[in-house]
Asks: 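Got a structure for you, questions after.
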Amino acid sequence: MPYRRTPAVQARLDAQRASVVDAALALLAEQGYAGCTMAAVAARADMATGSVYRHFPSKAELAVELFRTVVGREVEAVSAAAGRPGRDTAAERVVAVVETFAQRALKSPRLAYALLAEPVDPAVDAERLVFRRTFRDVFAAQVQEGVRSGELPPQDPVLTASALVGAGAEALVGPLAEGAVGPETVPALVTFTLRALGVPDAAHA
């Protein structure tokens, strides 16, 4: 008969795994993926290194878990921003996504750089593609609605959304890496976004 964990044992293991992830997320925000060694995570979580390996057999697997956790939080934040009352147009909702992601990135620049561009294991690079597609789909849904309602000019929603994701990431990566994000960065990104959508008089948005 195979061994079955008791609820108490499973709860203890789940709590230990959560502690590992929380410790690793704190290190990620401070030092990036390079600082998330298994030993450093174990020390931050106040447990033996072997206990970390029990939950994540390799640093690559831990890094993937961290990436998915961070992306999940970011998608939740931008989706909530786009859905707030008062944002009646597709352009307003797209701008809300751009502003929310950019502002959150500027508040946690080390974490944002890790999310967008830090050299990582190929497994995390694969997750980056999923991340880009997820954000693309958030944008594309709003662009499609804007085209359907006539608010935005005819365009390929997926192509526009892909371009916005790529341009937004590229616009932030350099300043984040150099620590040279100025107050004009987010407003300029918003203006670019509105122009890309085809919003009239976007220069004065």
Side-chain angles (χ1 to χ4, degrees), residues 17-79 97-140 158-159 161-186 188-189 192-193 196:
R17 178 186 172 88
S19 295
V20 170
V21 173
D22 287 344
L25 285 171
L27 285 170
L28 182 66
E30 295 169 7
Q31 305 174 33
Y33 287 111
C36 290
T37 66
M38 302 300 260
V41 171
R44 178 64 66 96
D46 194 22
M47 65 179 65
T49 303
S51 296
V52 176
Y53 277 104
R54 185 178 303 125
H55 295 283
F56 299 97
S58 69
K59 180 182 176 181
E61 291 186 46
L62 175 59
V64 167
E65 178 70 14
L66 296 181
F67 194 91
R68 290 174 178 171
T69 300
V70 174
V71 167
R73 292 176 181 177
E74 296 307 311
V75 170
E76 183 178 349
V78 300
S79 297
V97 172
V98 170
E99 287 184 323
T100 300
F101 182 79
Q103 289 166 354
R104 286 170 64 86
L106 300 185
K107 288 179 181 177
S108 301
R110 193 67 191 82
L111 183 62
Y113 182 73
L115 184 70
L116 294 171
E118 183 178 354
V120 288
D121 185 275
V124 177
D125 267 337
E127 290 296 320
R128 278 198 177 121
L129 292 177
V130 176
F131 155 70
R132 285 176 175 265
R133 292 189 192 108
T134 301
F135 268 77
R136 177 203 66 191
D137 292 345
V138 171
F139 282 126
V158 174
L159 181 61
S162 297
L164 288 175
V165 170
E170 188 63 26
L172 290 173
V173 164
L176 288 171
E178 298 165 6
V181 179
E184 74 287 349
T185 299
V186 176
L189 192 53
F192 168 81
T193 298

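All residue numbers in this chain count up from 1 along the given sequence.
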Asks: How many angstroms lie between OG in S108 and CD in Q103, if you round to the nearest 0.5 Å?
Replies: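 Between atom OG of S108 and atom CD of Q103 there are 12.5 Å.
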Asks: Can you tell me how far apart NE2 (H55) and CD (E65) are? Round to the nearest 0.5 Å.
Replies: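 If I round to the nearest 0.5 Å, the distance is 11.5 Å.
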Asks: Using a 4.5 Å cut-off on heavy atoms from C-beta on, say whether the side chain of F135 contacts that of V78.
Replies: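 Contact flag for V78/F135 side chains = yes.
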Asks: For E170, does the CD atom sit with more than 12 other heavy atoms under 6.0 Å from it, leaving out its own atoms?
Replies: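 No.
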Asks: For A117, what residues pass the side chain to side chain contact (heavy atoms under 4.5 Å, CB included) criterion, not counting sequence neighbours?
Replies: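 Once residues adjacent in sequence are excluded, the partners of A117 under the side chain to side chain contact (heavy atoms under 4.5 Å, CB included) criterion are Y113, V173.
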Asks: If you define the side chain from C-beta out and look only at heavy atoms, does anything of T185 sit under 4.5 Å from L172?
Replies: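 In contact.
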Asks: So among D121, L28, L115, L62, which one has a side-chain contact (heavy atoms from CB on, under 4.5 Å) with Y33?
Replies: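 Answer after filtering D121, L28, L115, L62: L28.
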Asks: Would you give the length of the straight line joining atom CG of L159 to atom CG of L164, rounded to the nearest 0.5 angstrom?
Replies: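 It comes to 9.5 Å.
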Asks: Would you say the side chain of V98 lies within less than 4.5 Å of the side chain of F139, judging by non-hydrogen atoms?
Replies: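 Heavy-atom side-chain distance check passes, below 4.5 Å.
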Asks: Could you grab the distance from atom CG of L111 to atom CG of L27, nearest 0.5 Å is fine?
Replies: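 Rounded to the nearest 0.5 Å, the CG-CG separation comes to 12.0 Å.
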Asks: For the residue pair E99 and V186, what are the closest heavy atoms and their distance?
Replies: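 Taking every non-hydrogen atom into account, CG-CG1, 4.2 Å.
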Asks: Can you check whether L106 reaches L176 side chain to side chain, under 4.5 Å on heavy atoms?
Replies: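 Yes, at least one pair of side-chain atoms sits under 4.5 Å.
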Asks: Calculate, to the nearest 0.5 Å, the distance between atoms OG1 and CD belonging to T37 and Q31 respectively.
Replies: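 If we round to the nearest 0.5 Å, T37:OG1 and Q31:CD are 8.0 Å apart.
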Asks: In terms of ring plane angle, is the pair F131 and F101 parallel, tilted or perpendicular, where the classes change at 30° and 60°?
Replies: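 Ring orientation of F131 relative to F101: tilted.
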Asks: Can you tell me how far CZ of R110 sits from CD of E118, rounded to the nearest 0.5 angstrom?
Replies: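 Answer rounded to 0.5 Å: 4.5 Å.
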Asks: Name all residues meeting the side chain to side chain contact (heavy atoms under 4.5 Å, CB included) criterion together with S51; count only those two or more places apart in sequence or in a different chain, and write none if there are none.
Replies: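 Result, side chain to side chain contact (heavy atoms under 4.5 Å, CB included) vs S51: Q16, M47, A48, R54.
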Asks: Does a side-chain heavy-atom distance below 4.5 Å link V120 with E127?
Replies: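 They are not in side-chain contact.
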Asks: Take V21 and F56 through the test side-chain contact (heavy atoms from CB on, under 4.5 Å) and record every step on the way to the result.
Replies: CA-CA 10 Å; V21 173; F56 299 97; 3.9 Å; yes
